[in-house]
Amino acid sequence: MIWVVATLIAMPLVIFVIGPLLGPGNGSEQASGQGSDYTVLAATATPVLTLVVLYLLYSVIFFRQPKGAALEGPALRGHARVQTTWIIVTSLIVLGVAVFGTVRLEAGYGAGSGSGPNPLTVPKGPKLPVQVIAQQWLFTYRYPTYGGVETTHLVLPVNEWIELHVTSIDVIHSFWAYQLGVKADANPGVDNVVFVKPTKLGTFNVRCAELCGLWHGYMSDKGQVVRPTAFASWIQQAQKTFAPATKVLAPYSKTYLPEPTRRGE
């Protein structure tokens with residue numbers, strides 16, 4: 001009865017108080033979905049947590065050995081019904097969470113995670129492709145539909161589907177745009193596709209989430225989500241500003257590998 005009452009009290013607190021604090025926020029559809037998923041998982045774990053904590057407190061209080069005594073504990077005979085119930089219930093919870101996570105992952109087009117070069121699910125309609133190129137120790141961003149211009153900051157239009165192609169030209173990195181709910185490994189020679197739809201104007205933090213060398217901790221930046229008209233003006237100016245660099249860049253490709261140097265160079 002104590003467990004039932006404690007669970008009924010804890011559940012609303014977890015859902016309505018703790019839940020909104022979980023996740024990266026509402027900077028994109030993926031970020032909002034992650035917050036909802038965390039709330040579901042926390043609510044699912046709450047009855048189990050309260051049961052374990054209450055049983056621990058019960059054991060500490062009623063099975064405490066008197067001070068100075070060295071008594072033999074009660075014989076353990078087990079309880080098949082309790083053990084079977086515990087195994088069945090916890091197994092159903094784990095399987096249910098696995099099914100829930102799989103459905104949410106595919107329904108959210110990867111839910112902000114890298115889906116490899118061939119995603120299982122793809123959003124319908126037009127998508128803006130942006131290539132994220134990781135290297136020690138910064139990210140650059142290439143826009144193939146705008147002449148392949150490569151910029152040092154990530155700017156995205158609001159309320160439009162973005163198709164990120166994450167790769168690396170040296171070691172393993174991980175592209176993490178926290179407020180957008182995006183996190184994808186950047187591996188040399190691999191095109192890791194991520195879908196995201198920003199829904200909130202403003203800035204977001206970009207970091208490398210994979211130890212990649214001496215200055216890994218400084219591999220960070222700030223991106224920006226702007227209105228479509230502002231994005232059009234920005235990308236036009238970027239094309240002019242980076243035109244000299246674009247001329248000498250390698251042709252756009254899904255991956256880039258450094259050319260091998262000759263021995264002795």
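What you see is a predicted model, and the numbers here were worked out from it, not measured in a lab. The first residue in the sequence is number 1, and the count goes up from there.
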Test log, rule side-chain hydrogen bond (donor to acceptor under 3.5 Å, both in side chains), inputs Tyr256 and Gln131
CA-CA 11 Å; Tyr256 307 92; Gln131 187 175 49; 3.0 Å; yes
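- For Gln237, the side chain to side chain donor-acceptor pair (under 3.5 Å) partners two or more places apart in sequence, or in a different chain, are Thr241.
- In this structure Asp37 satisfies the side chain to side chain donor-acceptor pair (under 3.5 Å) test together with Arg104, sequence neighbours excluded.
- Note: Thr152 OG1 to Tyr141 OH = 9.0 Å, rounded to the nearest 0.5 Å.
- In plain terms, the two heavy atoms of Ala31 and Gly181 that are nearest each other are CB-N, 3.9 Å.
- For Pro144 against Pro129, the heavy-atom pair with the smallest separation is CD-O, 3.4 Å.
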I'd like a table of donor-acceptor pairs (distance under 3.5 Å, sequence neighbours excluded) in which one partner is a side-chain atom from residues 112-125, with atom names and distances.
residue, atom, partner, partner atom, Å
Ser113, OG, Gly110, O, 2.6
Thr121, OG1, Glu106, O, 3.1

Let me see the working for Ile18 and Leu13 under side-chain contact (heavy atoms from CB on, under 4.5 Å), right down to the final yes or no.
CA-CA 6 Å; Ile18 299 177; Leu13 295 176; 5.5 Å; no
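- Within the structure, ring-ring contact (aromatic ring centres under 6.0 Å, His included) contacts touching residues 78-119 (residues at least two apart or in different chains) are Tyr109-Trp161.
- With sequence neighbours excluded, no residue forms a ring pair (Phe, Tyr, Trp, His ring centres under 6.0 Å) with Phe204.
- Applying the ring-ring contact (aromatic ring centres under 6.0 Å, His included) test to residues at least two apart or on different chains, none of the pairs has a partner in residues 19-40.
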Would His153 and Gln224 count as a side-chain contact (heavy atoms from CB on, under 4.5 Å) if you check the C-alpha gap in whole Å, the side-chain angles of each, and the deciding distance to 0.1 Å? CA-CA 8 Å; His153 298 287; Gln224 192 171 9; over 6 Å; no
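- A 6.0 Å sphere centred on CG of Leu92 holds more than 12 heavy atoms belonging to other residues, nucleotides or ligands.
- Taking OG1 of Thr39 as the start and CD1 of Ile15 as the end, the distance is 8.0 Å to the nearest 0.5 Å.
- Two residues are said to be in side-chain contact when any heavy atoms from C-beta on lie closer than 4.5 Å; Leu156 and Val130 meet this criterion.
- Going from atom CD1 of Ile61 over to atom CG of Leu56 covers 9.5 Å, rounded to the nearest 0.5 Å.
- Residue Val182 is tested with Val166, Val196, Val132 for a side-chain contact (heavy atoms from CB on, under 4.5 Å); the sole match is Val196.
- Among residues two or more places apart in sequence or in another chain, the side chain to side chain donor-acceptor pair (under 3.5 Å) test is passed with His216 by none.
- Nearest heavy-atom pair, Val194 versus Ala184, reported as atom, atom and distance to 0.1 Å: CG2-CB, 3.4 Å.
- Using a 4.5 Å heavy-atom threshold, the side chains of Thr44 and Val97 count as touching.
- For the pair Asp170 (side chain) and Gln136 (backbone), a donor-acceptor distance under 3.5 Å is present.
- Tyr178 and Val225 are members of different hydrophobic clusters when ILVMFWY side chains are connected at heavy-atom separations under 4.5 Å.
- In this view, Thr7 and Trp3, Thr50 satisfy the side chain to side chain donor-acceptor pair (under 3.5 Å) rule, not counting sequence neighbours.
- Sorted by first and then second residue, the salt bridge (charged side-chain N to carboxylate O under 4.0 Å, His left out) pairs involving residues 137-156 (not counting sequence neighbours) form an empty list.
- Leu49 is not connected to Leu8 by any chain of hydrophobic side-chain contacts under 4.5 Å among Ile, Leu, Val, Met, Phe, Trp and Tyr, and they are in different clusters.
- Looking at every heavy atom in both residues, Val14 comes nearest to Ala43 through CG1-N, 3.9 Å.
- Under the rule for a side chain to side chain contact (heavy atoms under 4.5 Å, CB included), the partners of Pro157 that lie at least two apart in sequence or sit in another chain are Leu128, Glu160, Ile162, Phe231.
- Between Gln135 and Met219, the shortest heavy-atom distance links the atoms O-CE, 3.4 Å.
- Tracing side-chain contacts under 4.5 Å through hydrophobic residues (I, L, V, M, F, W, Y), one reaches Val206 starting from Trp234; they form part of the same cluster.
- Open room surrounds NZ on Lys200; 12 or fewer heavy atoms of other groups in view lie less than 6.0 Å from it.
- Residues Val226 and Val155 are in side-chain contact: their nearest non-hydrogen atoms beyond the backbone lie under 4.5 Å apart.
- Interatomic distance, Ile88 CD1 to Ile93 CD1, rounded to the nearest 0.5 Å: 12.0 Å.
- For Trp176, the CH2 atom is loosely surrounded, since the number of other residues' heavy atoms within 6.0 Å does not exceed 12.
- Considering only residues two or more places apart in sequence or on other chains, Phe195 meets the ring pair (Phe, Tyr, Trp, His ring centres under 6.0 Å) condition with none of them.
- Phe139 is not listed as a side-chain neighbour of Ile133, based on a closest heavy-atom distance of 4.5 Å or more.
- Without hydrogens or angle criteria, Thr90 side chain to Ile87 main chain gives a donor-acceptor distance under 3.5 Å.
- The CG atom of Asn159 lies 8.5 Å from the CD atom of Glu29; values are rounded to the nearest 0.5 Å.
- Residues Leu57 and Val52 do not share a hydrophobic cluster, clusters being chains of Ile/Leu/Val/Met/Phe/Trp/Tyr side chains in contact below 4.5 Å.
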- So Cys212 and Trp137, side-chain contact (heavy atoms from CB on, under 4.5 Å) or not? Walk me through it. CA-CA 8 Å; Cys212 58; Trp137 284 276; 3.6 Å; yes
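- Note that CD of Gln34 and CG of Leu22 are 11.5 Å apart. Values are rounded to the nearest 0.5 Å.
- For the residue pair Gly189 and Thr167, the shortest heavy atom distance occurs at N-OG1, 4.2 Å.
- Here the side chains of Ser168 and His173 are in contact, with some heavy-atom distance below 4.5 Å.
- Here the side chains of Tyr58 and Ile2 are not in contact, with every heavy-atom distance at 4.5 Å or above.
- For the pair Ile172/Pro188, a side-chain contact is recorded, criterion being any heavy-atom separation below 4.5 Å from C-beta on.
- The aromatic rings of Tyr146 and Tyr143 lie perpendicular to each other, with more than 60° between the two planes, well past the 30° mark.
- Within the structure, salt bridge (charged side-chain N to carboxylate O under 4.0 Å, His left out) pairs that include any residue of residues 203-232 do not occur (at least two apart or interchain).
- In this structure, the side chains of Gln30 and Leu180 stay at 4.5 Å or more apart for every pair of heavy atoms.
- No single ILVMFWY cluster, assembled from side-chain heavy atoms under 4.5 Å apart, contains both Leu211 and Trp215.
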